[in-house]
Amino acid sequence: DPMALGREHHGVATHHRACPPAPEPNTLIKMTGKPGKKDQVMINSFRGRHKATAGLWLTTVSMFSVTRHAAKKVLERILRTEMDAVRADAGADPVVAIDGCACIGSDTSLIAELGARVVAVEYDAKNSRALEHNVEALGLSPTVTAVPGDIVEVLRSPRDHHNAGA
């Protein structure tokens, strides 16, 4: 249980899900106008406290890794419970969360909306560019640090990524 593991490590909660296989080639999609029907599912995954979804960047890979609205509600409930437990167990506030497969930032934005500082790690270069852009576009840069790279290597590195937004 990665969230339980996070509680054991000084209030650092982790969130990691398996990335689906990527279609080739991964293409960057810059949303400039009204999204098409296919893109709307992805755009809807960002809806939460953020009203402005125009100008988000998507990728063809992100279309395969979107967290659907119903699943997002369940994820929100789980994350809220786990973050409350981290706060109670470790006295960590704000909680620092690691999204180890951040893609373009849909789940990352949810975690940040719940009050966590987030280190969002993404391996794919185009997804990482879209993630960085979306963090800025949604106004999340004070609490989200986007890190390009492999989650295993990032966790092994001596750099202090878990002080996101500090």
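- Considering all non-hydrogen atoms of both residues, Gly115 and Met83 come closest at C-CE, 4.0 Å.
- The main-chain N or O of Ala125 is never found under 3.5 Å from a side-chain atom of Ser128 such that the two would form a donor-acceptor pair.
- In terms of heavy atoms, Val95 sits closest to Arg87 at CG2-CG, 3.7 Å.
- When hydrophobic clusters are built by joining Ile, Leu, Val, Met, Phe, Trp and Tyr residues whose side-chain heavy atoms come closer than 4.5 Å, directly or via intermediates, Tyr123 is not grouped with Val152.
- Note that CG of Asp89 and CD of Glu82 are 9.5 Å apart. Values are rounded to the nearest 0.5 Å.
- Across all their heavy atoms, Val118 and Ala112 have their closest contact at CG2-N, 3.8 Å.
- Distance CZ/Arg77 to CG/Leu114: 12.5 Å, rounded to 0.5 Å.
- Within the 4.5 Å cutoff, side-chain heavy atoms of Ser106 are placed close to those of Lys72.
- Taking the side chain as every heavy atom from C-beta outward, Leu138 and Leu56 approach each other to under 4.5 Å.
- The line from CG of Asp150 to CZ of Arg156 is 8.5 Å long, rounded to the nearest 0.5 Å.
- Between Pro148 and Glu132 there is a side-chain heavy-atom pair separated by less than 4.5 Å.
- Looking at Asn134, its side chain does come within 3.5 Å of a backbone N or O of Ile104 through a donor-acceptor pair.
- Looking only at side-chain heavy atoms (C-beta outward), Asn127 and Leu131 stay at 4.5 Å or farther from each other.
- For Thr60 and Lys126, the side-chain atoms include no donor-acceptor pair closer than 3.5 Å.
- You'll find the side chain of Leu155 reaches within 4.5 Å of the side chain of Ile151, heavy atoms only.
- Checking side-chain atoms of Asp99 against main-chain N and O of Val119 turns up no donor-acceptor pair under 3.5 Å.
- When side chains are defined from C-beta on, Ser109 counts as touching Leu140, because their heavy atoms get closer than 4.5 Å.
- Summarising the geometry, atom CG belonging to Leu110 is positioned 8.5 Å from atom CZ belonging to Arg80; distances are rounded to the nearest 0.5 Å.
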